[in-house]
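Worth knowing before you read on, the calculation uses all heavy atoms, side chains too, and leaves out hydrogens, waters and symmetry mates. Convention: sequence-line order gives letters A, B, ...; per-chain numbering from 1.
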Amino acid sequence: MRIGELARRTGATERALRYYEEQNLLKPARLPSGYRDYAPSDIEAVRHVRSLLAAGLPSHLIAELLPCMVDTGDGLMPGCRSMLEPLESERDRLTSAIDELTTARTLLAALIDRTPEDDSEYDAWMAAHASA
DNA sequence: CTTCTAACA
DNA sequence: TGTTAGCA
């Protein structure tokens, strides 16, 4: 399939798809016309790329990882065990990021819940906090 | 009409 | 990344 169809089917822009190729994340064949010719399996590959890129993984790591995921429901393909260490690092980085986001969300949620619909209780609040 | 490369009021 | 120009 050509770039337009892959873009439609993945939600990625054509611009992004060409960028992925430039980053060696995808290596579409070329039609005699010069148009990129993507394999059906690239649909899933693009989904993985978008997810991992959004999670902050460096493209070079994703580039190495993709071929390790090909044709595997779960684990990495044989010969990809060297990816384990960097992947564990990314996993831990995401765990920390999630913790920080959760803390921020909890703070915002509390502020929102404690805020009255209007300022009708403003005077009471002032009285309760009057210092001098 | 679709895709391509290159480039940036 | 968007977007556009100028081709094929």
Side-chain angles (χ1 to χ4, degrees):
Chain A
M1 74 187 94
R2 292 178 314 188
I3 198 168
E5 185 182 345
L6 183 60
R8 281 191 302 89
R9 303 172 58 169
T10 62
T13 62
E14 296 182 7
R15 177 75 162 82
L17 259 17
R18 297 191 180 99
Y19 177 68
Y20 295 164
E21 178 180 26
E22 193 176 273
Q23 296 300 299
N24 299 305
L25 298 178
L26 298 176
K27 7 241 169 263
R30 291 284 179 158
L31 267 24
S33 59
Y35 292 1
R36 271 165 269 250
D37 183 31
Y38 295 93
S41 59
D42 284 331
I43 293 175
E44 202 187 278
V46 171
R47 290 181 180 144
H48 287 152
V49 168
R50 297 187 77 194
S51 173
L52 267 16
L53 234 31
L57 275 74
S59 56
H60 74 261
L61 185 58
I62 299 175
E64 295 183 80
L65 181 59
L66 287 179
C68 289
M69 307 174 64
V70 178
D71 205 47
T72 58
D74 46 326
L76 296 174
M77 293 239 72
C80 290
R81 234 150 295 141
S82 60
M83 298 288 314
L84 257 32
E85 301 246 332
L87 292 183
E88 288 170 2
S89 293
E90 291 303 320
R91 176 200 55 193
D92 295 342
R93 181 179 61 70
L94 293 179
T95 296
S96 295
I98 290 171
D99 287 345
E100 296 186 338
L101 289 173
T102 297
T103 296
R105 184 188 58 184
T106 298
L107 171 60
L108 296 187
L111 290 170
I112 292 169
D113 290 341
R114 295 168 190 157
T115 302
E117 289 297 325
D118 56 66
D119 292 341
S120 61
E121 294 176 45
Y122 183 64
D123 292 334
W125 183 88
M126 283 297 275
H129 293 261
S131 56

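Rounded to whole Å, the distance from CZ on A/Arg15 to P on B/dC4 is 13 Å. Between A/Ile3 atom CD1 and C/dT1 atom C1' the separation is 14 Å, expressed in whole Å. Rounded to a whole Å, the CD atom of A/Glu14 is 8 Å from the C1' atom of B/dT2.
Residue A/Arg18 is classed as a base contact, given a heavy-atom separation below 4.0 Å to a base. If you check every strand for non-hydrogen atoms under 4.0 Å, A/Thr13 touches sugar and phosphate atoms only.
Ionic pairing of A/Glu90 and A/Arg93 is present here: one or more N-O contacts between side-chain nitrogen and carboxylate oxygen are shorter than 4.0 angstrom. A salt bridge does not link A/Glu22 to A/Arg18: none of the charged side-chain nitrogens sits closer than 4.0 Å to a carboxylate oxygen.
Taking the nucleotide of DNA chain C with the nearest heavy atom to each of A/Tyr35 and A/Ala16, the more 5' of the two is matched to A/Ala16.
Within the shown strands, C/dA8 is the pairing partner of B/dT2 under the Watson-Crick or G-U definition, both distances less than 3.5 Å. Pairing for B/dA9 is absent, judged as Watson-Crick or G-U wobble with the two contacts each under 3.5 Å.
To the nearest 0.5 Å, atom CE of residue A/Met69 and atom CE of residue A/Met77 are 11.5 Å apart. If you take CG on A/Leu57 and CG on A/Leu52, they are separated by 4.5 Å, rounding to the nearest 0.5 Å.
Between the side chain of A/Tyr19 and the base of C/dT1, no donor-acceptor pair of N or O atoms lies under 3.5 Å.
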